[in-house]
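This report concerns only the one structure given below.
Computation of the quantities below employed the complete heavy-atom set of this structure, encompassing side-chain atoms and omitting hydrogens, waters and symmetry-equivalent molecules.
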Amino acid sequence: MTANGQHYAPAWFDISTPDAPRARQFYQEVFEWPVNALDETYALVGAPDGPATGGIGQWGSDSPYTGIVVYFPVEDVDRALERAQRLGARRTMEPRTTPMGRIAVFTDLDGNNVGVRSHA
């Protein structure tokens, strides 16, 4: 746990793919994940009666990234994004509020997409 009480473990993952139905089936079979499609473009990973741990979604022309992004818990998404930029990262997805909390994505110094997530 960090000094401000945040956990080190990832808080969420998101897989953005050009073929969401194919990806859902692939990951469901490889890992035996329970995958619950919300619609043709997005599915939650997790038991229907429990909390979701990630999502698999359809990439589109307005998608900020493709591939997998791991979201780490932070106290303040905007502040974490500003710190990342100050250290040389690039904003990839502006902060937004979702049913799972406030999220944003940045691209680190090596080109990796990294997400940040807060519950507020």
Side-chain angles (χ1 to χ4, degrees):
M1 192 174 283
T2 65
N4 68 359
Q6 295 297 314
H7 294 279
Y8 297 121
W12 186 260
F13 71 87
D14 197 59
I15 300 170
S16 180
T17 173
D19 190 338
R22 182 196 69 210
R24 285 195 304 263
Q25 181 178 355
F26 175 81
Y27 286 104
Q28 190 171 25
E29 290 184 24
V30 168
F31 296 117
E32 298 179 339
W33 286 346
V35 176
N36 306 293
L38 299 178
D39 57 32
E40 283 298 309
T41 65
Y42 200 77
L44 297 176
V45 175
D49 56 346
T53 57
I56 302 171
Q58 182 72 38
W59 177 87
S61 60
D62 61 340
S63 298
Y65 58 82
T66 59
I68 189 166
V69 172
V70 177
Y71 287 79
F72 293 95
V74 295
E75 188 173 316
D76 183 312
V77 165
D78 296 281
R79 194 167 66 221
L81 195 56
E82 288 169 11
R83 278 195 311 263
Q85 281 187 275
R86 199 169 47 249
L87 294 168
R90 178 177 46 85
R91 283 181 187 232
T92 306
M93 185 176 78
E94 292 295 323
R96 61 181 69 165
T97 301
T98 73
M100 274 58 81
R102 189 156 167 77
I103 63 172
V105 176
F106 63 86
T107 303
D108 73 8
L109 305 177
D110 296 312
N112 300 298
N113 290 319
V114 178
V116 290
R117 173 183 167 209
S118 70
H119 289 290

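In this structure E32 satisfies the side chain to side chain contact (heavy atoms under 4.5 Å, CB included) test with no other residue, sequence neighbours excluded. Every residue was checked against the side chain to side chain donor-acceptor pair (under 3.5 Å) condition with D19, not counting sequence neighbours, and none meets it. With sequence neighbours excluded, the residues satisfying side chain to side chain contact (heavy atoms under 4.5 Å, CB included) with D110 are D108, N112. Considering only residues two or more places apart in sequence or on other chains, Q25 meets the side chain to side chain donor-acceptor pair (under 3.5 Å) condition with E29. Partners of A104 according to the side chain to side chain contact (heavy atoms under 4.5 Å, CB included) rule, which considers only residues two or more places apart in sequence or in another chain, are V77, L81, P95, V116. Under the ring pair (Phe, Tyr, Trp, His ring centres under 6.0 Å) criterion, F106 pairs with no residue at all, not counting sequence neighbours. With sequence neighbours left out, D78 forms a salt bridge (charged side-chain N to carboxylate O under 4.0 Å, His left out) with R102. By the salt bridge (charged side-chain N to carboxylate O under 4.0 Å, His left out) test, R91 pairs with E94, sequence neighbours left out. The side chain to side chain contact (heavy atoms under 4.5 Å, CB included) test applied to R96 returns M93, T98, I103, not counting sequence neighbours.
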Per-pair distances, 0.1 Å, donor-acceptor, side chain in residues 47-60, under 3.5 Å, sequence neighbours excluded:
from: T53; atom 1: OG1; to: V45; atom 2: O; distance (Å): 3.4
from: Q58; atom 1: OE1; to: A20; atom 2: N; distance (Å): 3.0
from: Q58; atom 1: NE2; to: P18; atom 2: O; distance (Å): 2.6

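Separation of atoms CD1 (I15) and CZ (F26) is listed at 9.0 Å; rounding is to 0.5 Å.
Cluster membership check: V105 shares its hydrophobic cluster with M100, using side-chain heavy-atom separations under 4.5 Å among Ile, Leu, Val, Met, Phe, Trp and Tyr. Cluster annotation: L109 and V114 are assigned to distinct hydrophobic clusters (Ile/Leu/Val/Met/Phe/Trp/Tyr, side-chain heavy-atom contacts under 4.5 Å, transitive).
Using the six-membered ring where Trp is involved, W33 and F13 have ring planes that are tilted, between 30° and 60° apart.
Cluster partners of L87: none. The rule joins Ile, Leu, Val, Met, Phe, Trp and Tyr whenever side-chain heavy atoms lie under 4.5 Å apart, and it links nothing here.
For the pair A43 and V35, the tightest heavy-atom approach, listed with the atom from each and the gap, is CB-CG1, 3.7 Å. Across every non-hydrogen atom of W12 and R117, the tightest pair is CB-NH1, 4.0 Å.
Applying the side-chain hydrogen bond (donor to acceptor under 3.5 Å, both in side chains) test to residues at least two apart or on different chains, the pairs with a partner in residues 63-74 are D14-Y65, Y65-Y71.
Side-chain N or O atoms of T92 include one that pairs as donor or acceptor with a backbone N or O of T107 at under 3.5 Å.
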